[in-house]
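For this chain, numbers begin at 1 and follow the sequence in order.
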Amino acid sequence: MATDILEETKHLDLEERLHYNHWKVRREAYNSLADAFQNAEDNASPVYRKYASHLPKLLLDKNQISREAGLKPILQFFDRFEYATRHTKDFLELLIDNCMSGRTRTVSDCCEVFLMICEVDSVEVVVNALLEFGVDHSAMKTSANCVDLLIKILSAFGIKYFPLEDVLKILFDWFEGTNTLRRTKTLELCQEMAKWGAKPLLTELANGLRSATKQLLLESMDKEFEKPSSTRRMRSLEDNGEPEEDETVVIDVYNTLESTRVDVPSEFWNEIEDRSWKIRKPQADNLVTLFDVKKLENRNYSQLMDVVLKRIRVDVNVMIKGSLIKAVANIVNGLREKFSKYVEQNHAFSVLMTMFKESKSMI
């Protein structure tokens with residue numbers, strides 16, 4: 001019967017067969033479309049534009065076998081069409097929702113499409129789509145397969161263009177929850193990152209994990225890795241055919257952290273100016289504790305700096321002066337380069353430099 005339906009529909013245009021109500025007819029049409037793309041005269045052939053709008057619909061095919069066949073022309077489209085990247089956004093979420101679970105072959109072919117999009121468009125575009133639509137997908141298998149695809153992307157293209165900071169911001173959330181397959185894949189992703197030089201970074205960030213999970217992660221990275229090398233390159237980077245040297249990662253943990261908001265208590269403003277050192281001292285000490293954070297939210301601290309720097313200049317109590325200097329140091333560490341505006345606005349540098357003239361060594 002299958003042969004009969006294929007014979008009966010041979011006379012139909014390819015466009016009609018792409019949307020025919022029998023899945024075997026659609027599957028054959030998808031294969032024919034892949035052949036048409038492969039045999040196109042050049043990478044700007046009109047055949048690509050003619051069928052570009054049809055391709056996302058192939059991913060919505062309710063029959064899994066024909067949907068799997070639909071990945072073939074999509075792969076050819078991105079591989080061969082000069083302007084395929086203009087259509088990237090039309091495919092990413094559909095690929096994740098419809099092809100990242102189910103048959104092993106379907107998932108494998110879908111991953112090949114994603115890797116091709118990385119090659120012709122950019123690694124960052126694909127990784128960000130996986131972070132937005134894939135790794136927290138309601139279908140557990142889809143979620144785990146998206147983490148596995150991150151491993152494939154990193155292994156294939158290397159660390160240089162992999163948006164590591166974006167991944168690290170949410171990576172450790174994937175160890176939580178009931179999706180054991182995703183946890184396993186997340187551990188494998190950490191191992192792949194460690195190969196590319198991210199072991200020190202992962203070790204430091206792991207402090208926020210539960211002790212059992214942290215131990216498992218550290219043990220998985222406690223081995224010698226061979227120096228990895230990428231196997232694919234983004235086409236936009238191709239030059240004279242010279243191989244690009246692979247890089248390992250040097251990344252600052254600070255850039256992966258969420259900012260912490262610190263609110264100075266209302267009583268601080270009056271009590272730090274109190275005549276009694278016994279009232280001023282607790283406020284100065286509390287300020288040190290409040291701003292002892294790894295990354296500080298970038299707010300307006302001008303008023304606070306005015307008050308603190310003034311107390312550093314005029315306070316006669318060495319312990320209070322020392323605590324306030326520590327508080328400024330914490331603010332500097334929390335803001336980093338964003339603190340620079342207070343150097344000029346609030347004369348922070350000149351005030352602190354005068355403290356070197358103090359006879360007390362702790363100051």
Side-chain angles (χ1 to χ4, degrees), residues 14-15 18-19 23 26-27 29-38 40 43-139 141-154 156-157 161-163 166-167 232 234-236:
L14 177 56
E15 193 167 340
L18 287 173
H19 306 290
W23 70 270
R26 296 196 302 274
R27 182 185 62 181
Y30 299 165
N31 289 331
S32 297
L33 183 57
D35 291 339
F37 287 160
Q38 191 167 8
N43 60 6
S45 172
V47 69
Y48 297 112
R49 289 189 176 86
K50 180 179 180 181
Y51 292 104
S53 63
H54 295 271
L55 293 176
K57 299 172 186 176
L58 310 191
L59 300 173
L60 299 173
D61 197 308
K62 295 190 181 302
N63 183 279
Q64 192 169 34
I65 297 175
S66 55
R67 184 166 67 247
E68 182 181 292
L71 292 167
K72 296 176 185 176
I74 293 173
L75 181 63
Q76 294 292 337
F77 179 80
F78 279 101
D79 184 20
R80 296 172 177 274
F81 183 35
E82 183 178 5
Y83 304 106
T85 55
R86 296 177 181 178
H87 303 270
T88 298
K89 61 179 174 35
D90 300 329
F91 291 89
L92 298 175
E93 189 174 1
L94 286 173
L95 284 165
I96 291 169
D97 285 341
N98 299 288
C99 300
M100 286 300 283
S101 61
R103 286 159 52 103
T104 302
R105 176 65 181 275
T106 302
V107 175
S108 176
D109 289 351
C110 183
C111 288
E112 284 303 313
V113 173
F114 272 120
L115 290 170
M116 181 58 68
I117 295 174
C118 286
E119 185 176 309
V120 301
D121 196 326
S122 80
V123 168
E124 185 174 8
V125 165
V126 174
V127 171
N128 286 339
L130 293 172
L131 297 181
E132 182 176 0
F133 305 117
V135 292
D136 290 320
H137 202 279
S138 57
K141 190 173 181 181
T142 297
S143 174
N145 285 336
C146 285
V147 177
D148 188 55
L149 179 54
L150 289 173
I151 300 171
K152 289 180 170 67
I153 292 171
L154 178 55
F157 293 92
Y161 302 102
F162 188 84
D166 294 336
V167 176
R232 302 177 72 153
M234 290 188 290
R235 293 184 188 179
S236 61

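The CD atom of E112 lies 14.0 Å from the CD1 atom of I74; values are rounded to the nearest 0.5 Å. Going from atom CD of Q64 over to atom SG of C99 covers 8.5 Å, rounded to the nearest 0.5 Å. Atoms CG and CG, from D90 and L95 in turn, are 11.0 Å apart once rounded to the nearest 0.5 Å. Interatomic distance, CG of L94 versus NZ of K57, reported as 12.0 Å (0.5 Å rounding). Rounding to the nearest 0.5 angstrom, the gap separating the CG atom in L149 from the CG atom in L130 is 5.0 Å. Here L18 contributes atom CG and L14 contributes atom CG; the two are 4.5 Å apart, rounded to the nearest 0.5 Å.
Taking the side-chain contact (heavy atoms from CB on, under 4.5 Å) definition, one finds that L75 meets it with V113, M116, sequence neighbours left out.
For R103, the CZ atom is densely surrounded, since the number of other residues' heavy atoms within 6.0 Å is greater than 12.
Contact annotation: the side chain of Y161 never approaches that of S122 to less than 4.5 Å [non-hydrogen atoms, C-beta and beyond]. In this structure, D97 and H137 have side chains that are in contact, with non-hydrogen atoms separated by less than 4.5 Å. Inter-residue side-chain proximity for F114 and K152 is flagged as unmet; no heavy-atom pair is nearer than 4.5 Å. Residues P73 and Q38 form no side-chain contact, since every pair of their non-hydrogen atoms from C-beta on lies 4.5 Å or further apart. No side-chain heavy atom of V126 sits under 4.5 Å from any side-chain heavy atom of F157. In this structure, the side chains of N128 and E132 stay at 4.5 Å or more apart for every pair of heavy atoms. Contact annotation: the side chain of N43 never approaches that of F81 to less than 4.5 Å [non-hydrogen atoms, C-beta and beyond]. E119 is not listed as a side-chain neighbour of F78, based on a closest heavy-atom distance of 4.5 Å or more.
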Verdict with reasoning, R235 to D79, per salt bridge (Lys or Arg N to Asp or Glu O under 4.0 Å): CA-CA 10 Å; R235 293 184 188 179; D79 184 20; 2.5 Å; yes
Carefully, step by step, assess F162 and V167 under the rule side-chain contact (heavy atoms from CB on, under 4.5 Å). CA-CA 9 Å; F162 188 84; V167 176; 3.8 Å; yes
Output, in order, the C-alpha distance, side-chain angles, deciding distance and verdict of side-chain contact (heavy atoms from CB on, under 4.5 Å) for Y48 and R80. CA-CA 9 Å; Y48 297 112; R80 296 172 177 274; 3.2 Å; yes
Could you go through V125 and L92, starting from their C-alpha distance and side-chain angles, then the distance that decides it, and tell me whether this counts as side-chain contact (heavy atoms from CB on, under 4.5 Å)? CA-CA 9 Å; V125 165; L92 298 175; 3.8 Å; yes
Take E93 and L59 through the side-chain contact (heavy atoms from CB on, under 4.5 Å) test and state the conclusion after the steps. CA-CA 10 Å; E93 189 174 1; L59 300 173; over 6 Å; no
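Each of H19, R67, R26 was checked for a side-chain hydrogen bond (donor to acceptor under 3.5 Å, both in side chains) with D61, and the lone residue meeting it is R26.
Looking at every heavy atom in both residues, L33 comes nearest to L55 through CD2-CD2, 3.7 Å. Taking every heavy atom of both residues into account, V123 and P163 meet most closely at CG1-CD, 4.2 Å. Closest non-hydrogen pair, L71 versus C110, comes out as CD1-N, 3.7 Å. For the pair A129 and I96, the tightest heavy-atom approach, listed with the atom from each and the gap, is O-CD1, 3.7 Å. Between A69 and Y30, the shortest heavy-atom distance links the atoms O-CB, 3.9 Å. For E82 against A44, the heavy-atom pair with the smallest separation is OE1-CB, 3.8 Å.
Between H87 and F77, the ring planes are perpendicular. Angles over 60° get that label, and only those under 30° would be called parallel.
No donor-acceptor pair closer than 3.5 Å links the side chain of D121 to the backbone N or O of I117.
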